[in-house]
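Counting starts at 1 for both ligands and their atoms, following the listed order.
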Amino acid sequence: MIRPGKELLAVRPGAPAWGSGRSRTQHAALQKASSRADRLCRGLLCALCRSPGLDVHSGRVLGLLDDAPLLGQASASLLRCARYSPDPHAAQLLAFAPHHDRGVLTLVASAQEQGLQVRLPQQGQGAGAGAGAWVDVPLGPGRVAVLCGYSLSYALGGLLQPALHRVRPVAVAGSGGAGASAATAGSGRVSLAYELCFRPNACVDPAAITQGAAEQLPAAAAAAAGEGGATSRPALLTSALMERFEATHPVSINGSVRVKQAQPRAQQEPAARRQREEADLVSDGEEGKQKPAAAVAAAGRSGAQAQRAAGQGWTAVANGAAEGPQGASQAPPSDATEQQQQRRTSLRLQQQQNSRQNAPAPALTGVGTVKPVGTSGGSNGKEREQQAPAGATARHDAGAAAANGGAAGVSAAARRQREENRTAAGDEAPVAKRGRHDGGAVVEGEQAGSPAVAPTALSQPAPAGGSGNGGQMEAAAEGQHGDDRINIIIKGQGGSEVHFKVKRSTLVGKVFDAYCNKKGLDVTTLRFLYDGICVLDNITVAQLPGVQDGDVIYCWPAQVGN
Ligand SMILES: O=C(O)CCC(=O)C(=O)O
Ligand SMILES: [Fe+2]
């Protein structure tokens, strides 16, 4: 039976149990869809960062994501399946009211061509003919819409604006109206939206993320970014960022139908202040105007309907019950990443607290989800994080990402230069001389030469002496190392880490071999990714673009995702 309205099924990839009422086949299909969408989304994000128009260090953005979905570890990201049923009584209502998605990027796919619409920018960057008009985003087989979300816009200091979008109602079966076709008439519209989100305790610092990027932008875009741009956006934990989103988007139907509850009086003023601060992020008053539509949608998802929907294999999502990004703050932390993140987060939070005397209470509630810095033990002091697998999967999965490969190569040197300048200026200098991580491997002596890992990769001719620079990796006894040694972390697919302290002149292949020896792995079956780029074994550590103490190289099976 098709009922009027919209039904949503929201799942977080990697969640061990995806709710009741779903068969194993459904579970497997959702798992597959979400993991593919996740890879595509990360690849697109990586390509977007590296596109000449932005030239943002992709690691600074990708490092704010959680690990790629692993079974048994719920992701912060979310897959929404929506079924919009034909509704003869609600023809004037929108099936999905205008909204910004709260996450980083959303991919939307639907077998039905029509339904999704975006609003063209009214002013500033991208505004042109038809400014402010709603335009169709034709979907259908083989097509995916890519929407910039609030989190990405914030992280980029407004260099990209979040896409205001909505869904027009599907045609009533037999009406012959827009959207009806032999394939879809009578069944309503079904869409899949994958919303990539920052991990809950990531510290989103627009100023650090966009440093050096604006210089690449056309003057007009740079001006737009400067006004209310990165410098006026404080570093925030994702949880605080979501508070901000909610304060500036009073009614959101992003995954969950959220009707804003009356706030305690004490919280109203900061919320209003934040709303003013973020005037540049909210395109217009459209969302306010659409409140009635959202309220109708909310009313339509009563508990009784939710029960019926669940019985059909559709779990209704209503009033915050969704496993939305905000709910993901309960996700179990992955230890090593968490330790690094805690250190980074605490530094950022310190900055926040110093610079924002009037920080509203809700923004600080996120601190409660972060463990004290002291618990991070001897973890390496890594300032810049990376999420390597994205770039490689982008080349396999996303044409757009592949098309960007050249740009990535060109901008690498520029990025490195920027990083060096910044480090020289003491802006983001790594925290020096920390104790070694308890699990750190002591690497000694010469390892056998390692074969090439991947056909297309970051690679340079081996320096004189080839791979025979044995002895460059040395025991990392405290106090023995000079400034030319840095910590490099190899992170495996399951999240385990091995720490190496190496000379900058060491061939990375030596490190890979040492890692494989320690783990009992065959190096030829693996690829190593740094900042999303597959690294061959014949470059030195110093030749990794913008390498810093504590940087992570991800180790991934060569055939991943294929
Ligand atoms: O169904 C669609 O086309 C879009 C859905 C959407 O905007 C969302 O899930 O955030
Ligand atoms: Fe959306």
Discussion item. Just to confirm my numbers, could you give the angle made at the Fe ion (ligand 2) by OD1 of Asp101 and NE2 of His165, rounded to 10°?
Written reply: 100°
Worksheet entry | Closest to atom 2 (C) of ligand 1 (judged by heavy-atom distance), picking from Gln114, Arg168, Arg189, His165 | Arg189
Worksheet item: For ligand 1, which atoms sit closer than 4.0 Å to a heavy atom of Tyr84?
Response: 1 (O), 2 (C), 4 (C), 5 (C)
Worksheet item: Between Leu107 and Leu44, is any pair of side-chain heavy atoms under 4.5 Å apart?
Response: yes
Worksheet entry | Glu246 bridged to Arg102 by N-O distance under 4.0 Å | yes
Worksheet item: Got Tyr84 and Ser191 here, is their nearest side-chain heavy-atom distance under 4.5 Å?
Response: yes
Discussion item. Could you check whether any side-chain heavy atom of Tyr154 comes within less than 4.5 Å of a side-chain heavy atom of Arg244, counting everything from C-beta outward?
Written reply: yes
Worksheet item: Between the main-chain N or O of Leu160 and the side-chain N or O of Ser153, is there a donor-acceptor pair closer than 3.5 Å?
Response: yes
Worksheet, complete the sentence: Short version for Ala82: what comes under 4.0 Å of ligand 1, heavy atoms counted, is neither
Fill in: Proximal atoms of ligand 1 relative to Val167 (non-hydrogen, under 4.0 Å)
1 (O), 2 (C), 3 (O), 4 (C)
Worksheet item: Below 4.5 Å, heavy atoms only, C-beta onward: do Ser77 and Cys197 meet side chain to side chain?
Response: yes
Worksheet item: For ligand 1, does His99 get within less than 4.0 Å through its side chain, its backbone, both, or neither, judged by non-hydrogen atoms?
Response: side chain
Worksheet item: So do the side chains of Leu65 and Arg42 get within less than 4.5 Å of each other, counting heavy atoms only?
Response: yes
Fill in: Per-atom contacts of ligand 1 with Asp101, taking only distances under 4.0 Å to non-hydrogen atoms
10 (O)
Response to the item:
Arg80 heavy atoms within 4.0 Å reach ligand 1 at atoms 8 (C), 9 (O), 10 (O)
Worksheet entry | Numbering as shown, the atoms of ligand 1 that approach Val108 to under 4.0 Å (heavy-atom distance) | 2 (C), 3 (O), 4 (C)
Fill in: Thr106 N/O to ligand 1 N/O under 3.5 Å
no
Item to complete: Answer yes or no for His99: is there an N/O/S atom below the 2.8 Å cut-off from the Fe ion (ligand 2)?
Response: yes
Worksheet item: Is any NZ, NE, NH1 or NH2 atom of the basic residue among Arg143 and Asp136 found under 4.0 Å from an Asp or Glu carboxylate oxygen of the other?
Response: no
